[in-house]
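Below: one structure, written as C-alpha cells.
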Amino acid sequence: MPRRPETSPAPAGRFAPSPSGDLHLGNLRTALAAWGFARATGRRFLLRVEDLDRVKQGAAERNVADLRSLGLDWDGPVDRQSTRIPLFLERVRTLTDAGLTYECFCTRREIHAAASAPHGIPGAYPGTCRNLSEAQRARRRTQRPPAIRLRADTPEFTVHDVFAGEYTGAVDDMVLVRTDGTPAYNLAVVVDDAEQGVDQVVRGDDLLPSAPRQAYLAGLLGHAVPEYAHVPLVLGPSGARLAKRDGAVTLRELQELGHTPGDVLGWLAASLGITHPVHTAADVLEHWDPSAWSREPAVFEPWGTAQG
Ligand code: GLU
C-alpha cells in the first residue's frame, strides 16, 4: 500500500463541483454548507473542479465567479482534478500489484441485464469478469479495451454521517479506470480527498449511497475515512430534484430578474434552517448551528421579478 505522507496537510473541507453547467440553487446551497462546515471548524476550505468528464466549456470559470459573488472564499488556487491523472493511475497500479483489481470487458447493456436479474443489487456490478482466465482475458482484449474494477471483498460498509448517523451501503466491484483510460469518479475523489488533507466531506445527499464504497476504498489505499455530512437536496415545485425546467434557478438567472447575490444567500441560508436574516457569508457563520437544520429537502418556489 502507498506510504502515507510524512507531514499530512492541515485538515480541510472542500467543494468539488463537476463543471457540467452553471451551479443551481441546490449546488450553491451545498457549496455554502461545505464552506460553513469548514470555516466553523477552523479547517482550510478547498475548491476542486472535478473535470475528468462532463466538462462544459467555460462552466468552471462561471462556477468560480458565482461562488465568489456569494462571498465564499477558499485557500489556495482553484484546483483542477484533471492535472492529476498520473497520480490516480499510479494508485490503481498499487491496488493491481496487491491483487485488488481486474479487467472488465462488460458493456453497459450486459451489466444492466445482469444487475436486474433476480437477486442482483440494483446498479451494482455482478462480478461477471471477476474470474476470467488469462486466456479469456487475452481474447476479450482483442475485442474491446477493458475497464479496471476493484476486487472488493465485502458486500457493504458502514460510515458515519453527521445527519444520517450510522449508514450502511453497498460496496461492489466499482470501476476505477474507465474503458477510455480515464480514472473514475470514485477513485479520483478518494485519492484527492486523502492527498489534499480533506477530512470533512460535505455534499448533496444524492451521494450518500456512494460514501460506503468510497470509505472502503480509502481504507484499502491506507487513508483515514473523512467525516461525512450529506445535506438534503433542493427540490423543484414538482417535488423532483431542482433542474433547469424549474425556471430561474442559477445565480445569473436570478440576477437577471433583479435579485442580488445577497438575496440568494439569504434564501440558501433560510433553506438550510438558519432562522436569522442573512445577507453575507459572514452572517451565515455567525448563526452556524447545523444541529438545528432541517433534515428534509428544501423546496424551491419560482421567484418573480425583484421589486424596486
Ligand atoms: N463532483 C461531484 C458532483 O458534482 C461531487 C463529488 C463529491 O462531492 O464527492 O456531483
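Starting from 1, each residue takes its place in the sequence as its number. Hydrogens, waters and symmetry mates are skipped; everything else that's a heavy atom, side chains included, is used.
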If we count only N and O atoms by modelled type, under 3.5 Å, do the side chains of [X] and [Y] hold a donor and an acceptor together?
{"X": "Q196", "Y": "D79", "result": "yes"}
{"X": "T260", "Y": "D263", "result": "yes"}
{"X": "Q214", "Y": "N186", "result": "yes"}
{"X": "R43", "Y": "T41", "result": "yes"}
{"X": "R151", "Y": "T101", "result": "no"}

[X] side chain vs [Y] backbone, donor-acceptor pair below 3.5 Å:
{"X": "S18", "Y": "S20", "value": "no"}
{"X": "R91", "Y": "V191", "value": "no"}
{"X": "R149", "Y": "D173", "value": "yes"}
{"X": "D283", "Y": "T280", "value": "yes"}
{"X": "Q136", "Y": "S133", "value": "yes"}

I need the single residue from V92, V175, T179 that forms a side-chain contact (heavy atoms from CB on, under 4.5 Å) with I148. Which is it?
V92

Side-chain ion pair, [X] and [Y], N-O less than 4.0 Å:
{"X": "D193", "Y": "R48", "result": "yes"}
{"X": "R241", "Y": "D206", "result": "yes"}
{"X": "R93", "Y": "E90", "result": "no"}

Check for me, please, whether L187 and V55 land in the same ILVMFWY cluster - side-chain distances under 4.5 Å, paths through other members count.
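No.
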
If two hydrophobic side chains count as joined below 4.5 Å and joins carry through other members, does W303 share a cluster with L251?
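Yes: a chain of side-chain contacts under 4.5 Å links W303 to L251.
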
Considering only heavy atoms from C-beta outward, does the side chain of L32 approach that of L72 to under 4.5 Å?
yes

Distance, nearest 0.5 Å, that separates [atom1] of [X] from [atom2] of [Y]:
{"X": "Y125", "Y": "I111", "atom1": "OH", "atom2": "CD1", "value": "6.0 Å"}
{"X": "W35", "Y": "T30", "atom1": "CH2", "atom2": "OG1", "value": "15.0 Å"}
{"X": "L150", "Y": "L220", "atom1": "CG", "atom2": "CG", "value": "6.0 Å"}
{"X": "D51", "Y": "S82", "atom1": "CG", "atom2": "OG", "value": "3.5 Å"}
{"X": "L235", "Y": "L242", "atom1": "CG", "atom2": "CG", "value": "8.0 Å"}
{"X": "L28", "Y": "D66", "atom1": "CG", "atom2": "CG", "value": "6.5 Å"}

Tightest non-hydrogen contact, residues A229 and F37, listed as CB-CZ, 4.1 Å

One pair to check against side chain to side chain donor-acceptor pair (under 3.5 Å): Y102 and N131. What are the steps and the verdict?
CA-CA 9 Å; Y102 62 90; N131 298 314; over 6 Å; no

Among R44, R68, R39, find the one that has a salt bridge (Lys or Arg N to Asp or Glu O under 4.0 Å) with D73.
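Looking at R44, R68, R39, the match for D73 under the salt bridge (Lys or Arg N to Asp or Glu O under 4.0 Å) is R39.
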
Among R140, R141, R130, find the residue that satisfies the salt bridge (Lys or Arg N to Asp or Glu O under 4.0 Å) test when tested with E103.
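Only one option passes, and that is R141.
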
Would you call the rings of F300 and W267 parallel, tilted or perpendicular if under 30° counts as parallel and over 60° as perpendicular?
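F300 vs W267 ring planes: perpendicular.
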
Counterpart residues, side-chain contact (heavy atoms from CB on, under 4.5 Å), relative to H276 (two or more places apart)
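Here the qualifying residues are H287.
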
How about E134: does its CD atom have over 12 heavy atoms from other parts shown lying under 6.0 Å from it?
yes

In this structure, are over 12 heavy atoms from other groups packed under 6.0 Å from R109 atom CZ?
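No - once you tally the heavy atoms of other residues, nucleotides and ligands closer than 6.0 Å, there are 12 at most.
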
Pairs in or reaching into residues 224-247: which pass ring-ring contact (aromatic ring centres under 6.0 Å, His included), with residues at least two apart or in two chains?
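Found Y228-H230.
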
Qualifying residues under ring pair (Phe, Tyr, Trp, His ring centres under 6.0 Å), relative to Y216, sequence neighbours excluded
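Counting only residues at least two positions away or on another chain, Y216 forms a ring pair (Phe, Tyr, Trp, His ring centres under 6.0 Å) with F157.
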
